Amino acid sequence: MSELGLDGRVALVTGASRGIGRAVALELARRGATVVATSRTIETAEALAEELAQVNDLGWTPICDVRHYAEVEAAVAGTLERFGRLDVLVNNAGVIEPIALLDTVDPDVWAECISVNLVGALHGCRAALPPMLARGHGVIINISSGAASSPREGWSAYCASKAGLAMLTQSITLEFGGRGILAYGLRPGVVDTDMHVTIRASGINAISRLRREDLADPRDPARAVAYLCHPAATDLAGQEIEVRDPAFRGRAGLDDQGEREP
Ligand SMILES: NC(=O)c1ccc[n+]([C@@H]2O[C@H](COP(=O)([O-])OP(=O)(O)OC[C@H]3O[C@@H](n4cnc5c(N)ncnc54)[C@H](OP(=O)(O)O)[C@@H]3O)[C@@H](O)[C@H]2O)c1
């Protein structure tokens, strides 16, 4: 299938300093979107701005820690000021720690994981929904995980956060699906990022023993996100979507051999 373009769309991606978030930001920009790629430090924001500018010169790279609602709200407000609209929110920022069994885990680090992965995504939704509802259209993509529905040893916080995120996706659909808001949970598969370096180092469950060469390139889930930004995906709204599902890969054209950046 031919690649779906995103000209004229404005998309905000959280946690874009590296890994899947960075790949999503670059992929959406490559398809013509105006990308607001958030990260947590001036250094990463400047590096991201340079990278985005090489793809298209439309974007903006504000600093935003998703644990703090005021920072998320400011990123959304700045997006509206600069670009006049927000079409897509990608709640990507996430952490895997703490990796520990429940009898030894640090309760504060456990709560921190929920704060980033779940409350951080709520912050994005809370800030983005009013302007999206005012325009009668918006796409929210929550970067989910197989951990949302399968417990893994040592990952209780991560699994609980992603299970909660899946419920957030359903709640958005229940409350606003009839008012033009399309929410998706995207499970990216097992992807070669820094998060997986941490997982491998832990050795705590079967996922930590996967070989690096068997992991997916971050550009694979990034292309899936780009597909979900498009009206072609509308019938999947409200669902948890597994990037490795052959039916999804087929309709999204994920296995097509297009010309790719190195
Ligand atoms: N890799 C996988 O196999 C896999 C599988 C399923 C789901 N996922 C999900 O995919 C998403 C991205 O993961 P990844 O693999 O790309 O991980 P990663 O390489 O570790 O990147 C995580 C990103 O989240 C950011 N982040 C962490 N805490 C943040 C906070 N408080 N506020 C804002 N940003 C924050 C990080 O920013 P800093 O650079 O500032 O730390 C970084 O940009 C996560 O939601 C993860 O759960 C990944």
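In what follows, residues are counted from 1 in the order of the sequence shown. Order of listing sets the numbers, starting from 1, for every ligand and every atom in it. Note that the structure is predicted; figures quoted are calculated from it, not measured.
Ranking the protein heavy atoms by distance from atom 23 (C) of ligand 1 puts Gly15 O, 3.8 Å first. Asn92 O, 2.7 Å is the protein heavy atom nearest to atom 45 (O) of ligand 1. Nearest non-hydrogen protein atom to atom 42 (C) of ligand 1 is Ser17 OG, 3.5 Å. From the protein, the heavy atom lying nearest to atom 34 (N) of ligand 1 is Ala93 CB, 3.4 Å. Nearest protein heavy-atom neighbour of atom 22 (C) of ligand 1: Gly94 O, 3.5 Å. Of the protein's heavy atoms, Thr193 OG1, 3.5 Å lies nearest to atom 14 (P) of ligand 1. Of the protein's non-hydrogen atoms, the one nearest atom 16 (O) of ligand 1 is Ile20 N, 2.8 Å. Protein heavy atom in closest approach to atom 3 (O) of ligand 1: Val191 N, 2.8 Å.
Remark: Arg22 engages Glu51 in a salt bridge, criterion side-chain N to carboxylate O under 4.0 Å.
Here the side chains of Phe83 and Leu58 are not in contact, with every heavy-atom distance at 4.5 Å or above. Using a 4.5 Å heavy-atom threshold, the side chains of Leu52 and Trp60 count as separate. Leu89 is listed as a side-chain neighbour of Met132, based on a closest heavy-atom distance under 4.5 Å. For the pair Leu48 and Ser39, the minimum side-chain heavy-atom distance is below 4.5 Å.
Taking every heavy atom of Tyr158 and a limit of under 4.0 angstrom, the matching atoms of ligand 1 come to 6 (C), 7 (C), 8 (N), 9 (C), 46 (C), 47 (O). Heavy-atom contacts of Ser144 reach the following atoms of ligand 1: 6 (C), 7 (C) (cutoff under 4.0 Å). The Gly19 neighbourhood of ligand 1 comprises atoms 16 (O), 19 (O), with distances under 4.0 Å to a heavy atom of that residue. Those atoms of ligand 1 that come under 4.0 Å of a heavy atom in Cys64, given as number and element, are 33 (C). Of all the atoms in ligand 1, the ones that sit under 4.0 Å from a non-hydrogen atom of Asp194 are 19 (O). Close approach of ligand 1 to Pro188 (heavy-atom distance below 4.0 Å) involves ligand atoms 5 (C), 6 (C), 7 (C), 8 (N).
To the nearest 0.5 Å, the span separating SG on Cys125 from CG on Asn142 amounts to 5.5 Å. In this structure, the separation between OG1 on Thr79 and CG on Leu86 is 6.0 Å, given to the nearest 0.5 Å.
Checked against a 3.5 angstrom limit, the closest N/O atoms of Val66 and ligand 1 fall inside it.
Ring geometry for Tyr227 against Phe248 counts as perpendicular: the plane angle is over 60°, on a 0 to 90° scale with 30° as the lower cut.
Contact annotation: for Val95 versus ligand 1, heavy atoms closer than 4.0 Å belong to the side chain alone.
Between Gly189, Ser145, Ala16, it is Gly189 that holds the heavy atom closest to atom 4 (C) of ligand 1. When the heavy-atom distances from atom 20 (O) of ligand 1 to Arg18, Glu71, Glu97, Glu43 are ranked, the shortest goes to Arg18.
The shortest separation from a heavy atom of Val190 to ligand 1 is under 4.0 Å, placing the residue in contact. Ligand 1 lies out of reach of Ser39, whose nearest heavy atom is not under 4.0 Å from it. Residue-ligand proximity: Lys162 is placed with a non-hydrogen atom under 4.0 Å from ligand 1. Assignment of Ser115 to the shell around ligand 1 is not supported, since no heavy atom sits closer than 4.0 Å.
In this view, Asp235 and Arg251 satisfy the salt bridge (charged side-chain N to carboxylate O under 4.0 Å, His left out) rule, not counting sequence neighbours.
In this structure, Arg209 places its CZ atom where more than 12 heavy-atom neighbours from other residues, nucleotides or ligands lie under 6.0 Å away. Within 6.0 Å of CZ in Arg135 there are more than 12 heavy atoms belonging to other residues, nucleotides or ligands.
Taking Ile, Leu, Val, Met, Phe, Trp and Tyr as members and joining any whose side-chain heavy atoms lie under 4.5 Å apart, directly or through other members, the hydrophobic cluster of Trp155 also contains Ile96, Ile99, Leu101, Tyr158, Val190, Met195, Ile199, Ile204, Ile207, Leu210, Leu215.
For the side chain to side chain donor-acceptor pair (under 3.5 Å) with Glu240, the qualifying choice from Gln170, Lys162, Arg187 is Arg187, the only one to do so.
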